[in-house]
Trainee: 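Provided herewith is a single structure, encoded as structure tokens, for subsequent inquiry.
Every value quoted in this text rests on a predicted model; they were computed, and no experiment measured them.
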Number of protein chains: 2
Amino acid sequence: MQIGDLSHRTGVSPRMLRYYEDQGLITVGRRENGFREYDDYLVDRVRKIRGLLDSGIPTRIIADILPCLNREQVLVVDADPQLRAVLIDQRDKMEERIAILQHNCDALSRYIKAMERAMTGGRPDEQASS
Amino acid sequence: MQIGDLSHRTGVSPRMLRYYEDQGLITVGRRENGFREYDDYLVDRVRKIRGLLDSGIPTRIIADILPCLNREQVLVVDADPQLRAVLIDQRDKMEERIAILQHNCDALSRYIKAMERAMTGGRPDEQASS
DNA sequence: TCGGACCTTCACATCCATGTCAGGGTCAAG
DNA sequence: CTTGACCCTGACATGGATGTGAAGGTCCGA
């Protein structure tokens with residue numbers, strides 16, 4: 001698959017696909033003519049990268065943790081305590097973000113529901129005791 | 001409370017506190033001498049802003065949703081369908097991010113556990129059937 | 001064989017969140 | 001009254017993620 005195909009399949013611009021490669025997030029082969037050749041599994045991988053990026057995780061960190069997100073048993077060979085610290089740190093940060101997002105997501109949902117109640121002709125001052 | 005105090009209490013630099021004000025995320029009073037005067041409730045608000053920012057939500061969006069994250073019933077007066085669309089959109093995006101983070105967080109935890117198993121002298125090829 | 005649609009690299013531009021510095025006021029304690 | 005710690009504004013700098021455009025190569029189909 002070449003870059004345009006992957007771009008269409010993931011919604012990520014070719015520019016960004018090259019950038020991810022540059023940042024060491026993906027490894028890409030070349031055809032004889034110099035064109036990049038992308039393996040199928042990269043579709044998922046690129047989607048995962050996008051998700052992490054959208055969640056505020058910088059490429060530098062993604063590069064660190066990405067190898068640990070699949071096939072875990074395969075790579076545990078290098079039981080580097082430094083890496084371990086990084087991973088634990090990142091996991092904790094993720095947990096914190098999840099909590100924050102969950103909290104705000106709930107609040108938004110409540111607000112949306114309140115709007116709907118207000119729109120569908122309900123008395124505006126009626127409310128669930130939160 | 002003045003800017004340095006709030007900065008210490010939130011871990012957010014004065015520069016950023018002014019920036020948030022500039023972006024309309026917080027409303028700040030002034031003393032007679034021109035110094036900013038911050039209300040106590042801004043400590044929580046600024047922490048919330050940081051959390052959302054760290055989770056990849058840009059100030060523009062935060063400005064949109066922040067008024068809806070507290071005191072919901074108070075503000076439902078303007079049942080603007082445009083706003084509703086924005087809120088639903090953002091809530092959905094948040095849910096997606098939560099799912100992504102949760103997924104990766106779990107994978108990280110598994111990997112960390114596997115590392116620990118490998119370090120504490122376990123046979124490296126033993127594994128839980130995932 | 002030509003044209004269009006793709007690819008390459010490289011460079012410059014942009015937006016956002018942030019840092020940092022300069023030039024200058026405020027104020028309280030010594 | 002001076003000094004140091006705070007505050008103000010404004011500007012310039014930076015790093016990361018992204019867009020865009022130029023100059024050129026590849027390849028397929030009319």
Trainee: Counting only distance, no hydrogens or angles, is the base of D:dT9 paired donor-acceptor with the side chain of B:Arg18 under 3.5 Å?
Mentor: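 Checked by distance alone, the answer is no.
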
Trainee: Just the rounded figure in Å: distance from P of D:dT9 to CD1 of B:Ile3.
Mentor: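 Going from B:Ile3 (CD1) to D:dT9 (P), I get 9 Å.
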
Trainee: Determine the minimum heavy-atom distance between B:Met1 and B:Glu37, stating which atoms define it.
Mentor: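 It is N-OE2, 2.6 Å.
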
Trainee: Counting only side-chain nitrogens and oxygens, does A:Asn33 get under 4.0 Å of the OP1 or OP2 atom of D:dG25?
Mentor: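 Negative; the distance criterion is not met.
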
Trainee: Test side chain to side chain donor-acceptor pair (under 3.5 Å) on B:Arg60 and B:Gln23 and set out the steps.
Mentor: CA-CA 8 Å; B:Arg60 170 67 214 299; B:Gln23 303 299 305; over 6 Å; no

Trainee: Would you mind checking if A:Asp89 and A:Lys93 are paired as a salt bridge, meaning a charged N to carboxylate O distance below 4.0 Å?
Mentor: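 Result for this pair is yes, salt bridge flagged.
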
Trainee: Under 4.0 Å from any atom of DNA chain D, heavy atoms only: list the residues of residues 46-59 of chain B that qualify, in numerical order.
Mentor: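 Under 4.0 Å from DNA chain D: no residue of residues 46-59 of chain B.
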
Trainee: Select one nucleotide: of D:dC8, D:dG25, C:dA17, the one nearest the side-chain heavy atoms of B:Met16.
Mentor: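 Closest nucleotide among those given: C:dA17.
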
Trainee: Does a donor on one side chain and an acceptor on the other come within less than 3.5 Å for B:Arg50 and B:Tyr20?
Mentor: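 B:Arg50 vs B:Tyr20: donor-acceptor pair found between side chains.
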
Trainee: Using atom CZ of A:Arg31 as one end and atom C1' of D:dG25 as the other, report the distance to the nearest whole Å.
Mentor: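 So the CZ-C1' distance, A:Arg31 to D:dG25, works out to 14 Å.
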
Trainee: Could you tell me whether B:Arg30 contacts a base, only the sugar-phosphate backbone, or nothing, with contacts defined as non-hydrogen atoms closer than 4.0 Å?
Mentor: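 Sugar-phosphate, backbone atoms only, no base.
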
Trainee: Check the distance between D:dC7's P and B:Glu32's CD and give it to me in whole angstrom.
Mentor: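 Value for this atom pair: 18 Å.
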
Trainee: Identify which nucleotide among D:dT18, D:dG25, C:dT26 has an atom closest to any side-chain atom of A:Phe35, counting heavy atoms from C-beta outward.
Mentor: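 My answer, after comparing the listed nucleotides, is D:dG25.
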
Trainee: Which whole-number value in Å describes the distance from B:Glu37 CD to D:dC8 C1'?
Mentor: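 Going from B:Glu37 (CD) to D:dC8 (C1'), I get 15 Å.
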
Trainee: Quick check on D:dG19: is either OP1 or OP2 less than 4.0 Å from any side-chain nitrogen or oxygen of A:Ser13?
Mentor: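 Yes.
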
Trainee: Tell me: CZ of B:Arg36 to C1' of C:dG25, nearest whole Å?
Mentor: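 It is 14 Å, rounded to the nearest whole Å.
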
Trainee: Closer than 3.5 angstrom, by distance alone: can the side chain of A:Thr10 be matched with the main-chain N or O of A:Val12 as a donor-acceptor pair?
Mentor: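 Yes.
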
Trainee: Would you kindly say whether A:Ser109 and B:Arg91 are connected by a side-chain donor-acceptor distance under 3.5 Å?
Mentor: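 Judged by distance alone, the side chains do pair up.
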
Trainee: Which nucleotide in the list D:dT18, C:dC7, D:dG19 gets nearest to the side chain of A:Tyr20?
Mentor: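 Closest nucleotide to the A:Tyr20 side chain: D:dT18.
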
Trainee: In whole Å, what is the span from the CG atom of B:Leu25 to the C1' atom of C:dA17?
Mentor: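 One finds 12 Å between C1' of C:dA17 and CG of B:Leu25, rounded.
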
Trainee: Atom CG of A:Leu17 and atom C1' of C:dC6: how far apart are they, to the nearest Å?
Mentor: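 Taking CG of A:Leu17 and C1' of C:dC6, I get 15 Å after rounding.
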
Trainee: Out of C:dT18, C:dC7, D:dG19, which nucleotide sits closest to the side chain of A:Gln2?
Mentor: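 Nearest to the side-chain atoms of A:Gln2, counting from C-beta on, is C:dC7.
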
Trainee: Have A:Tyr38 and A:Arg9 got a donor and an acceptor in their side chains that come within less than 3.5 Å?
Mentor: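 Short answer, no.
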
Trainee: To the nearest Å, how far apart are B:Tyr19 OH and D:dA11 P?
Mentor: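 Nearest whole value for this atom pair: 17 Å.
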
Trainee: Would you kindly compare A:Tyr38 and A:Arg15 by the position of their nearest DNA chain C nucleotide and give the one closer to the 5′ end?
Mentor: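 The residue whose closest nucleotide sits nearer the 5' end is A:Tyr38.
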
